[in-house]
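First up is the structure itself, then whatever we jot down about it.
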Amino acid sequence: MPAYHSSYIDEPSVTTIGNVAILPINTKVRGPAPISEDPSRPDIIEESLDLFRANCLFRNFEIKGPADRLLIYLILFISDCINKIAPHPGKPAPQYQEAVKTLSTLAVDHFSLPGDAGFPMNNLYHGPRDRSEADALRSYLLQCRQELALRLCDRLYPVEPETQPDGTPTPANRVGQRQVRPSKWWMAFQKRKFMGMSLSG
């Protein structure tokens, strides 16, 4: 079974920097992302979250266009986020608010761009042509990283439903609250590396 690709690979007239697509995202985070013509359509952030776990099972991925390169980048950033909040000996996984703070900080930390010496996938990506393009790409990826960090936290810490997976009622004082610890269905992918790669080296 092949890995899953972005639904935006066939979009006509997509703006690119290097060979990375600059796609619309639905966000309140300030930045240069284009405004979506169809807000009801899942954006590339939602796609990366939806495809993360399935695509992490693959070490090979046929890149079909600039949108796939953005998808790869965002999936690898999700991996970095999960590793950042993973529990360690003597340090449990954080609760929701702490995770939001931690991942929001990670999102704005300095990061390498395609073409930079520290970028791990320069064999797959073209760097920006000049300083102006580099600044534009950095601003766009920063906006994507910030929005992705926020949405990922909402998936890692889902709201408690009225019944638990086994059908028993959730205690009344927990219904509608965030899970205390991140979902094991996401944290199980802590050591999975999509394409065997990592943004953090």
Worksheet item: So Asp43 and Ser36, side-chain contact (heavy atoms from CB on, under 4.5 Å) or not? Walk me through it.
Response: CA-CA 8 Å; Asp43 62 11; Ser36 176; over 6 Å; no
Practice task
Answer yes or no: is there a donor N or O on one side and an acceptor on the other, between the side chain of Gln95 and the main chain of Gln97, under 3.5 Å?
Solution key: no
When you compare the side chain of Cys81 with that of Leu106, does any pair of heavy atoms fall below 4.5 Å? yes
Contacts of Arg30 meeting salt bridge (charged side-chain N to carboxylate O under 4.0 Å, His left out) (sequence neighbours excluded), chain-then-number -> none
Tightest non-hydrogen contact, residues Cys56 and Ser79, listed as SG-OG, 4.4 Å
In this structure, CZ of Arg151 is separated from CD1 of Ile78 (nearest 0.5 Å) by 10.5 Å
- Query: With a 3.5 Å cut-off and no angle check, do the side chains of Asp68 and Tyr8 form a donor-acceptor pair?
  - Reply: no
dist Ile75:CD1 -> Met197:CE (nearest 0.5 Å) comes out at 12.5 Å
Can Arg53 be said to sit on top of Trp186's aromatic six-ring, NZ or CZ under 6.0 Å from centre and within 45° of the ring axis? yes
CD1 of Ile9 to CD1 of Ile63, rounded to nearest 0.5 Å, is 11.5 Å
request  = Assign the ring pair Phe58 / Tyr4 to parallel, tilted or perpendicular, where the plane angle (0 to 90°) is split at 30° and 60°.
outcome  = perpendicular
Proximity of Phe194 and Phe61 rings by center, below 6.0 Å = yes
In terms of heavy-atom contacts, Gly115 and Asn122 come closest through N-OD1, 2.6 Å
Between the CG atom in Leu113 and the CD1 atom in Ile17, the distance rounded to the nearest 0.5 Å is 9.5 Å
Report whether Leu51 and Leu57 are members of the same hydrophobic cluster (ILVMFWY, side-chain heavy atoms less than 4.5 Å apart, transitive linking).
yes
- Do Ile45 and Asn26 touch side chain to side chain, with heavy atoms closer than 4.5 Å? no
Handout entry: Exam field: side chain Glu47 to backbone Pro42, donor-acceptor pair closer than 3.5 Å
Key = no
| message | Hydrophobic cluster membership, with links at side-chain heavy-atom distances under 4.5 Å among I/L/V/M/F/W/Y: are Val100 and Val180 in one? | response | no
Minimal heavy-atom distance between Val14 and Ala21, with the atoms involved, is CG1-CB, 3.7 Å
Q.
Using a 6.0 Å distance limit plus a 45 degree cone around the ring axis, check whether Arg178 lies over the aromatic ring of Tyr157.
A. no
One should read off an interatomic distance between Leu103 CG and Leu150 CG, to the nearest 0.5 angstrom, of 9.0 Å
dist Cys144:SG -> Leu23:CG (nearest 0.5 Å) comes out at 8.0 Å
With heavy-atom distances below 4.5 Å as the criterion, would you say the side chains of Leu137 and Pro114 are in contact? yes
Q. Going by heavy atoms in the side chains, are Tyr125 and Asn19 under 4.5 Å from each other?
A. yes
Flag for Arg69-Thr16: side-chain donor and acceptor within less than 3.5 Å
no
query = Ile25 and Tyr140: side-chain contact (heavy atoms from CB on, under 4.5 Å), yes or no, with the steps?
reply = CA-CA 10 Å; Ile25 59 174; Tyr140 176 71; 4.3 Å; yes
Exercise. Do the side chains of Asn60 and Met195 get nearer than 4.5 Å, heavy atoms only?
Worked result: no
Are more than 12 heavy atoms from other residues, nucleotides or ligands located less than 6.0 Å from atom CZ of Arg41?
yes
In short, Ser198 meets Pro120 closest at the heavy-atom pair O-CG, 3.2 Å
Across all chains, not counting sequence neighbours, the side chain to side chain contact (heavy atoms under 4.5 Å, CB included) partners of Ala107 are Phe77, Arg145, Gln146, Ala149
Evaluate the criterion side chain to side chain donor-acceptor pair (under 3.5 Å) for residue pair Thr27 and Gln143; output intermediate values, then yes/no.
CA-CA 9 Å; Thr27 180; Gln143 187 181 15; 5.0 Å; no
**Prompt:** Does Arg138 make a cation-pi contact with Phe111 (under 6.0 Å, within 45 degrees of the axis)?
**Reply:** yes
| query | Going through the distances and angles, do Asp50 and Arg155 end up as a side-chain contact (heavy atoms from CB on, under 4.5 Å)? | reply | CA-CA 10 Å; Asp50 288 343; Arg155 295 208 183 193; 2.9 Å; yes
Is Trp185 reachable from Met187 through a run of hydrophobic residues whose side-chain heavy atoms are each under 4.5 Å from the next? no
Is the closest basic N to carboxylate O distance between Lys84 and Asp109 below 4.0 Å?
-> no
Which of Leu152, Leu74, Ile82, Leu76 passes side chain to side chain contact (heavy atoms under 4.5 Å, CB included) with Phe52? It is Ile82
On a heavy-atom basis, the closest approach of Ser112 and Gly118 is OG-C, 3.7 Å
inquiry  = Can you see whether Asp38 engages Ser40 through a side-chain donor-acceptor pair at a distance of less than 3.5 angstrom?
reply    = yes
Nearest heavy-atom contact between Ala136 and Pro32 is O-CG, 4.4 Å
> Would Leu71 and His5 count as a side-chain contact (heavy atoms from CB on, under 4.5 Å) if you check the C-alpha gap in whole Å, the side-chain angles of each, and the deciding distance to 0.1 Å?
Replying inline: CA-CA 8 Å; Leu71 177 69; His5 297 269; 5.5 Å; no
Under 3.5 Å donor-acceptor, Asp116 side chain and Phe119 backbone:
no
Within a strict 4.5 Å, meaning less than it, do heavy atoms of the Leu156 and Tyr96 side chains meet?
no
Check: Would you find a donor on one side and an acceptor on the other, under 3.5 Å apart, between the side chain of Glu98 and the backbone of Pro94?
Finding: no
